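Pasting a structure below so you can have a look.
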Amino acid sequence: MFEAQMAQAALLKQIIESIRELITEATFEVSGTGMMLQAMDSSHVSLVALNLRSDGFQLFRADRPFSMGMNLNHMAKMLKCAGKDDTLTMRADEANDLVTFLFESPGNERLAEFELKLMDITSENLGIPDAEYSATVSMPSAEFQRIVKDLGSIGDTVEITVTKDDVRFAASGDIGNATIKCRQLLDTEKPEDRTLIEMVEPVNLTFALRYLINFSKATSLAPSVTIKLSTEMPVVVEYKLSDIGYVRFYLAPKIED
Amino acid sequence: AARQSRMAAFFRAV
């Protein structure tokens, strides 16, 4: 038996909206520690890792580890039916191939029950080692979204360069070139407005912009984003979900032959 | 031009 209750159905809805274009089918692994999902896009260039800790839920019960394969577009269809302030309760048991989403209005006057068919998904799971990264940049998530969208109108790829003084995003295309340089900014009223650059050694990497633009769909989930880079390694783009976990996107770099 | 690498080149299947 699995049962979990979230104060805001809207949170899960936003999470699924932010990843469903990248991965259409995925298996949620449920255990006593929470709900996790790891999946690659169909071209195996990017990977999504979602972690929702059990202590971030209002109620969480998972008698034994349990896998729930879901079509994320179908899941999104159901989650869209939740009211803005509805709570969400998820229920599933091994006896039937269904997960139930219960949406309850704040005054408890409306209770909607949606049952989604579960599916068996065969996917390759990758072990992601904990690594020290050469550079870690934290910046407002809206700023990162603006940068990748702006550069996406100039070129297909972005070259990210981190030095101790700044982080540069550069793109080129048929119409010309663009470089956006962000300096470290610590003296802000709100901590989420900071741009923090931690550099062990300088890095310079190139990535396909369309994936980064896709990752930035998670902007509304967190005020700031953390980008971790090491030479010839996938970049990590992390959105922390307050009090419950994170969504991490990994993207393999473009490499010179 | 640079070649697009894949995730499996960095992380192993488990």
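In what follows, chains are A, B, ... by sequence order, proteins preceding strands, each numbered from 1. Atom set for the values below is all heavy atoms of this structure, side chains included, hydrogens, waters and symmetry mates excluded. Nothing here was measured: the structure is a model prediction, and the numbers come from that model.
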**Q.** Closest approach of A/Leu126 to B/Val14 (non-hydrogen atoms, all atoms of both residues)
**A.** C-CG2, 3.9 Å

(Q) Quick check: do A/Val45 and B/Gln4 have side-chain heavy atoms less than 4.5 Å from each other? (A) yes

Q) Which answer fits A/Glu124, side chain, backbone, both or neither, if we ask what part of it has an atom under 4.5 Å from a heavy atom of chain B? A) side chain

Q) Do the two ring centres, one from A/Tyr250 and one from B/Phe10, sit under 6.0 Å apart? A) no

Q) How long is the gap from CG on A/Leu47 to CE on B/Met7, to the nearest 0.5 Å? A) 5.0 Å

(Q) Counting C-beta onward and ignoring hydrogens, is there a side-chain heavy-atom pair between B/Ser5 and A/Lys254 closer than 4.5 Å? (A) no

**Q.** Residue part contacting chain A, namely of B/Arg12, when any heavy atom lies under 4.5 Å
**A.** backbone

Q: Using non-hydrogen atoms and a 4.5 Å limit, figure out which bit of A/Ser46 sits close to chain B: side chain, backbone, both or neither.
A: backbone

Q. Does atom CG of A/Asp156 have more than 12 heavy-atom neighbours from other groups under 6.0 Å away?
A. no

Q: Check whether A/Met40 gets within reach of chain B through its side chain, its backbone, both or neither, counting any heavy atom under 4.5 Å.
A: side chain

Q. Any chance CD of A/Glu94 has more than 12 other-residue heavy atoms, nucleotides or ligands included, within less than 6.0 Å?
A. yes

Q: Kindly compute the distance separating CZ (B/Phe11) from CD (A/Gln38), expressed to the nearest 0.5 Å.
A: 9.0 Å

Q | Exceeds 12 heavy-atom contacts within 6.0 angstrom, atom CZ of A/Arg183 | A | no

